Amino acid sequence: MGGLSNLNEEEIRNHLSRVLSSRAFSNSERMRRFLQFTVAEALSGHSGDLKESLIGIAVFDRQPDYDPRIDPIVRVEARRLRAKLEQYYQQEGKADAIRIDLPRGSYVPVFQGTKPVPLSLEPPTIAVLPFENLSSEPGDDFFSAGLTQELIHSLTRLPGLRVMAWNSTQRLRQREDVAHTRIPVDLVLEGTLRRSGSRVRIGAQLVDAATGLYIWAGTYERQARDLLATQEEIAQAIGQALHVRLADGPPGLRKTQPRSDAYTLYLKGRHVLARRTEEGMRQGILFFERAIEETPDFALAYAGLADCHLLLCDYGFERGDCGFLKARNAVERALELDPLLAEAHVSIASILTSYDWAFERAEWHFRRAIQLNPGYAAAHHWYGVDFLALLNRMAEAEQEICIALDLNPLDPIVSTSAAYVDFLKRDYGKAEVRYQQLLRDAPDFQKGWSGLGRLYASMGRYDQAIEMLEKARFLTGDEHSVLAVLGQVYGMCGRREDARGILSFFQQEAQRRYVATQRFALVHLGLGEIDEALHYLEAAFQRREGWIISAGLHPAYDALRGEPRFQSVVRQLGLSS
């Protein structure tokens with residue numbers, strides 16, 4: 001019964017009435033309902049029923065099909081309730097003989113006759129806000145952004161701490177933004193950076209998100225070349241400040257200490273790569289190559305270089321039989337220099353999946369990356385969507401995507417992947433809900449519009465599909481991936497001349513730059529030209545283009561599933577169809 005200790009039910013109910021009538025709760029009807037419901041269920045012997053789904057329906061008026069994985073209202077309000085209870089017991093209830101607690105990771109209240117030591121059943125979540133650039137040069141924004149990203153990486157290696165990924169925290173510019181987001185956060189790390197010549201001054205503060213109280217603060221003035229070590233110092237200081245919440249001490253430093261210029265170039269590379277544009281990826285290559293020239297044993301720079309080539313292939317900007325080889329050379333060097341670099345293990349796993357089709361070896365590296373750094377969101381994300389889902393291991397894929405969403409809740413690319421996995425499962429209703437929520441949160445994110453367009457096309461809702469794809473096209477221009485799906489849909493709904501116009505455009509483009517064979521295959525599929533589509537599919541297999549491994553499950557290729565040539569390709573890939 002929720003940890004009754006030596007207290008009787010009447011004493012607890014009387015104490016609950018006192019709490020609910022206090023100043024802390026009197027003006028918060030939602031918190032009153034939440035606390036009253038959970039206490040009543042616990043006292044009635046129904047503690048085992050106190051799950052997110054039940055609370056969402058009973059307290060927050062959600063519909064019977066409420067899915068807490070999509071709508072986190074219960075988790076968010078539970079954190080507010082814990083803060084309200086703490087406020088009450090620090091003020092009006094300071095001398096109370098009874099205390100009600102809602103431990104983290106549980107919705108079952110605990111009743112104590114004396115003030116308990118808080119027991120954390122789930123690790124606290126920390127958001128590292130982008131450090132404010134106080135340097136005189138506006139162009140140094142990349143430096144503060146890069147420092148924030150690398151500090152996040154350092155913190156993810158602390159056990160007992162859940163660290164929100166950079167792609168989420170970059171959307172939160174100040175502490176007030178954290179309070180307004182629907183994502184529950186316990187701790188906020190904020191700071192400033194000032195660079196003057198070869199010296200850098202960093203100020204950092206760790207703040208309790210619920211109370212605004214400072215837990216730790218520090219100032220570091222160092223040579224720029226010592227910045228990697230400084231990041232680790234900050235991470236270790238935070239670990240010490242939170243020692244009651246950490247299971248173990250922080251890990252040791254990475255051994256590579258690059259020259260100041262090399263580290264600056266590395267940060268620039270990560271900054272432009274984060275744009276996920278072709279221009280950004282190609283600029284990133286130049287920055288990482290220059291960083292390697294400055295410090296030839298800089299493992300992180302090799303990992304960044306590999307990621308640039310991987311993403312160029314993944315986005316269809318570079319041929320697989322060229323780009324993947326460049327990525328392999330870079331990542332193998334990174335692993336030679338630092339075998340414990342989780343980022344490099346993820347990169348080599350992606351190459352083994354998309355280029356070598358060596359799935360067993362790829363999985364070993366994905367798992368090794370997660371073992372080395374369980375808080376590395378990209379490892380869970382790529383393992384889930386680019387490996388497990390494509391091998392039709394959907395339950396495992398959903399689990400990894402769920403972890404990635406927990407670590408990186410505001411990044412639209414992870415939300416897109418969650419919808420994409422539902423799409424591959426043919427759970428179109430759930431995928432539609434996810435895409436629509438994504439577009440409410442990030443209306444300028446083209447992959448949300450194009451993903452929803454693909455979904456509607458598979459559902460036979462061609463007019464809506466074209467509307468969604470045209471919105472994606474407006475955001476991206478004539479990006480090949482969007483045009484290919486649009487051409488396929490044009491063909492499927494009878495707009496054959498429009499489809500052939502896109503084919504003609506691709507043929508002209510191919511005279512001056514690389515155009516992935518998938519682009520031609522999809523349009524020919526829409527036109528019902530099966531032999532032509534199979535020709536391009538087989539060409540992709542020969543060139544080892546990364547997209548080919550999605551053909552086994554992707555609904556866009558359903559018209560080919562009965563074709564012996566298609567079945568032969570799928571068998572050789574080792575995939576299910």
Side-chain angles (χ1 to χ4, degrees), residues 1-125 162 182-186 209-211 245 399 402 405-406 409:
M1 191 189 291
L4 277 179
S5 185
N6 295 320
L7 304 172
N8 62 49
E9 183 174 327
E10 183 178 358
E11 289 175 324
I12 293 171
R13 291 191 183 279
N14 289 338
H15 177 69
L16 174 64
S17 297
R18 173 180 169 83
V19 174
L20 295 177
S21 62
S22 68
R23 289 192 302 273
F25 282 82
S26 60
N27 294 323
S28 182
E29 181 60 26
R30 179 175 280 189
M31 292 294 97
R32 288 164 53 85
R33 287 180 63 190
F34 196 170
L35 182 61
Q36 195 164 21
F37 178 76
T38 54
V39 170
E41 289 294 293
L43 293 178
S44 300
H46 300 146
S47 297
D49 297 332
L50 284 170
K51 308 297 184 184
E52 281 188 66
S53 54
L54 173 65
I55 296 171
I57 295 167
V59 178
F60 300 109
D61 302 320
R62 293 308 193 254
Q63 297 298 314
D65 61 349
Y66 165 66
D67 186 351
R69 294 173 298 179
I70 299 174
D71 181 355
I73 182 68
V74 178
R75 297 192 297 277
V76 173
E77 295 301 315
R79 291 179 187 273
R80 288 188 60 215
L81 177 56
R82 292 182 188 110
K84 281 280 187 186
L85 287 168
E86 189 62 29
Q87 176 188 344
Y88 169 78
Y89 290 116
Q90 286 180 356
Q91 298 173 4
E92 297 170 75
K94 191 172 184 179
D96 285 9
I98 298 174
R99 180 178 175 124
I100 302 174
D101 279 302
L102 194 67
R104 285 193 180 93
S106 172
Y107 301 109
V108 179
V110 173
F111 313 110
Q112 298 286 346
T114 58
K115 186 175 180 179
V117 176
L119 175 63
S120 176
L121 299 183
E122 64 179 26
T125 298
R162 181 187 291 119
R182 69 176 186 272
I183 306 303
V185 172
D186 300 290
T211 66
R245 304 186 191 182
Q399 182 178 1
C402 187
L405 281 169
D406 195 33

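Remember, predicted model here, so these are calculated numbers, not experimental data.
- Rounding to the nearest 0.5 Å gives a distance of 9.5 Å between NE2 of H15 and CG of L20.
- Counting non-hydrogen atoms of neighbouring residues, nucleotides and ligands closer than 6.0 angstrom, the CD atom of E29 exceeds 12 such neighbours.
- Here the shortest heavy-atom pairing between A24 and E92 reads N-OE2, 3.4 Å.
- The two residues A78 and Y107 come nearest to each other via the heavy atoms CB-CE2, 3.6 Å.
- To the nearest 0.5 angstrom, Q63 atom CD is 11.5 Å from D71 atom CG.
- Between S53 and P68, the closest heavy-atom pair is N-CG, 4.5 Å.
- For the atom pair CD1 of I12 and CD1 of I100, the computed distance is 7.5 Å after rounding to the nearest 0.5 Å.
- Smallest separation of non-hydrogen atoms from A58 and R33: O-NH2, 3.3 Å.
- Here the shortest heavy-atom pairing between S21 and R32 reads N-NH1, 4.1 Å.
- With sequence neighbours excluded, no residue forms a ring-ring contact (aromatic ring centres under 6.0 Å, His included) with F37.
- No donor-acceptor distance shorter than 3.5 angstrom exists from the side chain of Y66 to the backbone of E52, with no hydrogens or angles considered.
- In this structure, F25 and Y88 have perpendicular ring planes: the angle between them is above 60°, well past the 30° mark.
- Between the CZ atom of F34 and the CG atom of L102 there is a distance of 6.0 Å, given to the nearest 0.5 Å.
- Annotation: the span from E77 atom CD to R82 atom CZ amounts to 11.5 Å, rounded to 0.5 Å.
- Going from atom CG of D61 over to atom CZ of R30 covers 8.5 Å, rounded to the nearest 0.5 Å.
- Checked for salt-bridge contact, D406 and R75 miss the test: no charged N lies under 4.0 Å from a carboxylate O.
- Contact record, L16 with V39: CD2-CG1, 3.8 Å, taken as the closest heavy-atom pair.
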